[in-house]
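Quick caveat: nothing in here was measured; it's all calculated off a predicted structure. Chain letters run A, B, ... following the sequence lines, proteins first and then strands; every chain starts at 1.
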Protein chains: 2
Amino acid sequence: MLNLQTICLGVLYSGSKSGYELHKIINTDLKHFQTASFGALYPALGKLEAKKFIVSDGKKNPIQTSSLPKKIYTITENGRAVFEAQILKTRAEEKLTSDFLAAFHFAEHLPAENIAALIDSQSAKLQEEYRDLISTPLSRMSEGQRFGIRYTIAINRAATAFLKGEGRAIQATLSRRLPKG
Amino acid sequence: MLNLQTICLGVLYSGSKSGYELHKIINTDLKHFQTASFGALYPALGKLEAKKFIVSDGKKNPIQTSSLPKKIYTITENGRAVFEAQILKTRAEEKLTSDFLAAFHFAEHLPAENIAALIDSQSAKLQEEYRDLISTPLSRMSEGQRFGIRYTIAINRAATAFLKGEGRAIQATLSRRLPKG
DNA sequence: AATAACATGTAAACGGTTACATGATTCG
DNA sequence: CGAATCATGTAACCGTTTACATGTTATT
């Protein structure tokens, strides 16, 4: 699986950025397949720098208080080569972890109101994701990126349609159960 | 997020099982939203046992060579209560990590044959998942579990349809690019 | 007797989250 | 001058993967 280091190389490939900017890009543009917290991002950048895959212009000297705290990372030639090799050997792999589906798997332990809440909340999340996806400006985006967005939208729509069609039905069915005792 | 310990409690709720059986159940019946390796499973069971949420009938005595190595885990009353509380407060959360989408995001660094391979491989994986999903015996399954399977099938179909419809088109588009130099 | 499947576990390393800690810059 | 946002980083902890290590039971 592609790890955060490789993702960072990929984002830095198209231009130098600070850790903070990288964080923003990953958690907006790449949100549908990757996220990163600062606690994951900074150590990843540190490791990439140690391996000479990226360089920074940072003044890490704490005495120089007047210097900008902002540190711009730039990918090296070595880094580019490593990224290209990595992305070339990438296989179609996906891993979903879903509390929504897990909760339904064990739904016999849930009262009807919780079932309803889960479906409503999942629908809302899908709607929010949908808004994010369609609001992304398609210009300045590569063909591959557009393809990924459209793929994700197709899945999002199917999920929403399913919940709209069958969500009420399952709520009704599960409400008819005998209360556990 | 629901962790493996809680998932184990959930599976043991409906009947006592060995670690090995638990492993098989999670990686078949729960495959569409959760997997677990032995290296993750056994420590999780050990922690649950330490907390008295489960008990085992294991003869851990290595001198007793004649005893069965099989260890059956049973959920305790305390464990049931903890699981019920956990599942009750579960929120609709989902996390997808996709090398397929990541590769497409950076597809400008990929030659056309890799694009084609990625789409073919993703289609094959979806088909395989689909076969698994429809082959699951619907009897002896709760309403909630059936709902989860149908939800996953709806998404799987949408993904397959998208790749069938637009997969060739993107391959053609990306093949028309100038080779990088 | 060999092989596949059953069965349990550990250790090192990895990757990530959450919370903490600090400080600068910009805008109203 | 206060608030939001920009900005970097560490530490403790958590959960998992991968590889290793070992042995049993059932089938052919």
Side-chain angles (χ1 to χ4, degrees), chain A residues 1-9 16-28 30-31 33-51 54 56-73 86 91 93 95-97 99 102, chain B residues 1-9 16-28 30-31 33-51 54 56-73 86 91 93 95-97 99 102:
Chain A
M1 284 283 253
L2 285 172
N3 62 13
L4 189 52
Q5 286 181 45
T6 308
I7 297 291
C8 287
L9 285 181
S16 302
K17 281 153 200 82
S18 69
Y20 194 86
E21 285 169 318
L22 219 33
H23 179 258
K24 205 163 40 173
I25 289 169
I26 292 169
N27 294 301
T28 56
L30 284 68
K31 201 184 174 183
F33 63 87
Q34 178 86 45
T35 57
S37 63
F38 283 118
L41 190 58
Y42 286 117
L45 289 169
K47 282 167 205 161
L48 285 170
E49 204 172 8
K51 287 187 275 190
I54 59 174
S56 75
D57 67 349
K59 328 287 181 299
K60 47 194 72 166
N61 196 343
I63 298 144
Q64 273 275 56
T65 327
S66 60
S67 75
L68 284 168
K70 200 167 166 177
K71 211 166 154 181
I72 302 290
Y73 293 97
Q86 275 286 114
R91 302 273 155 265
E93 265 189 83
K95 191 161 169 37
L96 171 76
T97 310
D99 276 16
Chain B
M1 283 283 251
L2 285 172
N3 61 14
L4 188 52
Q5 285 180 46
T6 308
I7 298 291
C8 287
L9 285 181
S16 302
K17 280 151 201 84
S18 69
Y20 194 84
E21 285 170 318
L22 220 31
H23 178 259
K24 204 163 39 172
I25 289 169
I26 292 169
N27 293 300
T28 56
L30 283 66
K31 201 184 174 183
F33 63 87
Q34 177 85 45
T35 56
S37 63
F38 283 118
L41 190 58
Y42 286 117
L45 289 169
K47 281 168 205 161
L48 285 171
E49 203 172 8
K51 287 187 273 189
I54 59 175
S56 74
D57 65 350
K59 329 284 180 302
K60 46 195 77 167
N61 197 341
I63 298 145
Q64 274 275 52
T65 326
S66 60
S67 76
L68 283 168
K70 200 166 166 177
K71 213 165 151 181
I72 302 292
Y73 292 97
Q86 276 286 115
R91 300 275 157 264
E93 265 188 82
K95 190 158 171 39
L96 172 75
T97 310
D99 276 14

(request) Could you name each residue pair satisfying side chain to side chain donor-acceptor pair (under 3.5 Å) that touches residues 33-45 of chain A, not counting sequence neighbours? (result) A/Thr35-B/Lys95
(message) Among D/dG9, D/dT5, C/dT8, which nucleotide has an atom closest to any side-chain atom of A/Lys71?
(response) D/dG9
(request) Quick one: closest heavy-atom pair of B/Ile7 and A/Ala102, and the distance? (result)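 So the minimum-distance heavy-atom pair works out to CD1-CB, 4.2 Å.
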Length of the line joining [X]:[atom1] and [N]:[atom2], which is rounded to integer Å:
X       : N      : atom1 : atom2 : value
A/Ile7  : C/dG15 : CD1   : C1'   : 13 Å
A/Lys70 : C/dG23 : NZ    : C1'   : 16 Å
A/His23 : D/dG9  : NE2   : C1'   : 13 Å
A/Phe38 : D/dC6  : CZ    : P     : 9 Å
B/Ile72 : C/dC6  : CD1   : P     : 14 Å
B/Tyr20 : D/dT25 : OH    : P     : 14 Å
A/Asn27 : D/dC6  : CG    : P     : 13 Å
A/Leu41 : D/dG9  : CG    : P     : 10 Å

(message) Within the structure provided, determine whether A/Thr97 and B/Met1 are in side-chain contact (heavy-atom separation under 4.5 Å).
(response) yes
(request) Could you pick out which residue, B/Tyr73 or B/Lys24, lies toward the 5' side of DNA chain C when each is mapped onto its nearest nucleotide? (result) B/Lys24
(request) Can you sort out the partners of B/Lys31 under salt bridge (charged side-chain N to carboxylate O under 4.0 Å, His left out), two or more places apart, ordered by chain and number? (result) B/Asp132
(request) Keeping the roles fixed (side chain from B/Asn3, backbone from B/Thr6), state whether a donor-acceptor pair exists under 3.5 Å. (result)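 Side chain of B/Asn3 to backbone of B/Thr6, a donor-acceptor pair under 3.5 Å: yes, one is there.
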(request) Supply the atom-to-atom distance B/Leu41 CG to B/Tyr20 OH, rounded to the nearest 0.5 angstrom. (result) 12.0 Å
(message) Once rounded to the nearest 0.5 Å, what's the spacing between atom OH of A/Tyr73 and atom CG of A/Leu22?
(response)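 One finds 9.0 Å between OH of A/Tyr73 and CG of A/Leu22.
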Between the protein and nucleotides 11-16 of chain D, which nitrogen or oxygen pairs are less than 3.5 angstrom apart?
residue : atom : partner : partner atom : Å
D/dG15  : OP1  : B/Asn3  : ND2          : 2.9

(request) Return the set of residues passing side chain to side chain contact (heavy atoms under 4.5 Å, CB included) with A/Glu21 (not counting sequence neighbours), or none when no residue passes. (result) A/Lys17, A/Ser18, A/Lys70, A/Ile72
(message) Run the side chain to side chain contact (heavy atoms under 4.5 Å, CB included) test against A/Lys51 and tell me which residues pass, sequence neighbours left out.
(response)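 Expected list: A/Gln5, A/Phe53.
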(request) Work out how much the helix from C/dA1-D/dT28 to C/dG28-D/dC1 bends between its end axes, five pairs an end, to the nearest 10 degrees. (result)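 The end axes of the helix from C/dA1-D/dT28 to C/dG28-D/dC1 are about 30° apart, to the nearest 10°.
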